[in-house]
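For clarity, every value in this text was computed on a predicted model and none was experimentally measured.
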Amino acid sequence: MVAIARYMDVTLIVPELDKTSFWNDPSEFQDIFDVDHFITSLRDEVRILKEVPKGLQEKVDKGNFLSMPPISWSDISYYHHQILPLIRKHKIVHLNKTDARLANNGLPLEIQKLRCRVNFNALRFTPQIEELGNRVISLLRENGPFLVLHLRYEMDMLAFSGCTQGCNEEEIEELTRMRYAYPWWKEKIIDSDLKRKEGLCPLTPEETALTLRALNIDPNIQVYIAAGEIYGGHRRMESLAASYPNLVRKETLLGPSDLRFFQNHSSQMAALDYLVSLESDIFVPTYDGNMAKVVEGHRRFLGFKKTIRLDRKVLVDLIDQYNEGSLNWHEFSSSVRAAHAGRSGNPSKRVVIQDRPKEEDYFYANPEECLQLQDESLSST
């Protein structure tokens, strides 16, 4: 939105955050981000205000403004030809559902670089979040290297995706009821087995344990779980804990008084996990959601820190063959390592798929225009 406002030369109001998700987080933008730093660091690019000017507030109070979702993955010219005339007409336009509204590729270089400036410099967490995040990182560093596992096996993720691998009948029914209870989720029958085979499900904790072992991740390394409550609890975490006994979370590293302010504020808790993820020796997401993609790109920006991008479609096929006995451990682990040889966050060209932008590599996962690399140093992996 900053890049779009800059391009149209219009004033941007500090964003409102979605409060209708499963987590029902009441946090405002300024509860998570240092809003003054956000505004001042971009003052040479775009005018940003904390709220609508008084002269226009009456229009807002009376609902005399246009609210609309812009078209996803749009070229920047869409905003000049379609949105700017609407702003001139209505004076105030509220753009909602503003994720993925600019194309990944084919935009002017200055637009791409501004997107990076916003994401990696202008957006800074509040001092309170930064301080607590740094304390968690220091505690982990005292005990040596650590891996952050972004284990997306929470109740909302499973209900939304319809993925139920390893769940019992009661849990499957609970997740299905939850999916239909949220009208903005797609109400459709989901074939969990088929979706998993296509690589569209987050890895289960059991699958994750096998994968980390196959990748020869040191069993003594600290594994920080960046996630909410894992669905199925202790039962589902048994195999991962057996393989990697040094499992830690922010709740085990910090006292209740440290986290009291953050309780029932899932976005602020996620901000802590984000900070720890950036500083980890290895980052492993089990699903390529928004946070995982942005952490991957941010770690590239910070110097191509090791990020293992799991190929879930390949993995679940290999795991099934191993569990069925058609692959022994050596064959399984060798195949897993071979499949991930070029998937560690190393320099690579962003994939471009003409006319199918949703299937392209996400800009923020690999913001190559901002990485100051010579074209010949980029591999095709």
Short side-chain donor-acceptor distance under 3.5 Å, [Y] and [X]:
X	Y	result
Tyr153	Gln165	no
Ser27	Gln268	yes
Ser67	Asn96	yes
Asp34	Thr126	no
Arg117	Ser41	no
Thr286	Arg152	no
Asn104	Arg350	no

Less than 4.5 Å apart, side chain to side chain, heavy atoms only: is that true for [X] and [Y]?
X	Y	answer
Phe120	Pro367	yes
Arg299	Leu278	yes
Val336	Ser333	no
Leu318	Tyr322	no
Leu149	Phe283	no
His265	Asp31	no
Leu212	Ser243	no
Thr211	Ile319	yes

Minimum heavy-atom distance [X]-[Y], with the two atoms named:
X	Y	value
Thr176	Ile172	OG1-O, 2.8 Å
Tyr79	Ser74	CE1-CB, 4.1 Å
Ala339	Val314	CB-CG1, 3.9 Å
Tyr78	Ile71	OH-N, 3.3 Å
His340	Arg309	CD2-O, 3.5 Å
Ile76	Leu107	N-CD2, 3.7 Å

With sequence neighbours left out, what residues match [X] under side chain to side chain donor-acceptor pair (under 3.5 Å)?
X	result
Lys305	none
Tyr274	His298
Thr164	Ser192

Cation over ring face, Arg115 and Phe363, 6.0 Å, 45°: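 So Arg115 does make the cation-pi contact.
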Quiz item: cation-pi between Lys293 and Tyr364, 6.0 Å / 45°: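 No, Lys293 does not sit over the ring of Tyr364.
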Pairs where residues 61-79 contributes a residue and the test salt bridge (Lys or Arg N to Asp or Glu O under 4.0 Å) is met, not counting sequence neighbours: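 Sorted result for residues 61-79: Glu58-Lys62.
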Qualifying salt bridge (Lys or Arg N to Asp or Glu O under 4.0 Å) pairs with a residue from residues 202-226, counting only residues at least two apart or across chains: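 Non-adjacent pairs meeting salt bridge (Lys or Arg N to Asp or Glu O under 4.0 Å): Arg196-Glu207, Glu206-Arg236.
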Quick one: pull up [atom1] in [X] and [atom2] in [Y] and give me the separation to the nearest 0.5 Å.
X	Y	atom1	atom2	value
Ser267	Leu272	OG	CG	11.5 Å
Tyr7	Leu84	OH	CG	9.5 Å
Thr208	Leu151	OG1	CG	5.0 Å
Asp258	Leu253	CG	CG	10.5 Å
Glu296	Met291	CD	CE	13.0 Å
Ile217	Ile308	CD1	CD1	4.0 Å

[X] side chain to [Y] backbone, donor-acceptor under 3.5 Å:
X	Y	answer
Arg300	Asn346	yes
His94	Pro69	no
Arg249	Gly228	yes
Lys250	Val136	no
Gln321	Leu327	no

Derivation and outcome, salt bridge (Lys or Arg N to Asp or Glu O under 4.0 Å), residues Arg235 and Glu171: CA-CA 13 Å; Arg235 173 177 66 87; Glu171 290 170 336; 2.7 Å; yes
Would you tabulate the side-chain donor-acceptor contacts of residues 138-145 under 3.5 Å, counting partners in other chains and residues two or more places apart, or write 'none'?
{"unit_1": "Ser138", "atom_1": "OG", "unit_2": "Asn134", "atom_2": "O", "d": "3.0"}
{"unit_1": "Arg141", "atom_1": "NH1", "unit_2": "Asp281", "atom_2": "OD2", "d": "2.9"}
{"unit_1": "Arg141", "atom_1": "NH2", "unit_2": "Glu279", "atom_2": "O", "d": "2.8"}

Would you indicate whether [X], at its atom [atom1], is surrounded by more than 12 heavy atoms from other residues, nucleotides or ligands within a distance under 6.0 Å?
X	atom1	answer
Asp9	CG	no
Glu359	CD	yes
Arg101	CZ	yes
Arg47	CZ	no
Lys59	NZ	yes

Trace of the salt bridge (Lys or Arg N to Asp or Glu O under 4.0 Å) decision for Asp361 with Lys349: CA-CA 9 Å; Asp361 283 351; Lys349 276 287 188 184; over 6 Å; no
Check: Phe38 ring centroid to Phe29 ring centroid under 6.0 Å: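 Yes, the ring of Phe38 comes within the 6.0 Å limit of the ring of Phe29, centre to centre.
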Distance flag, aromatic centroids of Phe146 and Tyr224, threshold under 6.0 Å: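 Not under 6.0 Å, so no.
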Candidate pair Gln222 and Leu247, rule side-chain contact (heavy atoms from CB on, under 4.5 Å), full reasoning: CA-CA 6 Å; Gln222 297 174 96; Leu247 290 181; over 6 Å; no
Test: Lys197 and Asp317 ion pair at under 4.0 Å: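 No salt bridge links Lys197 with Asp317.
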Electrostatic pair Glu28-Lys50, nearest N-O below 4.0 angstrom: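 Not counted as a salt bridge, because no side-chain N and carboxylate O are separated by less than 4.0 Å.
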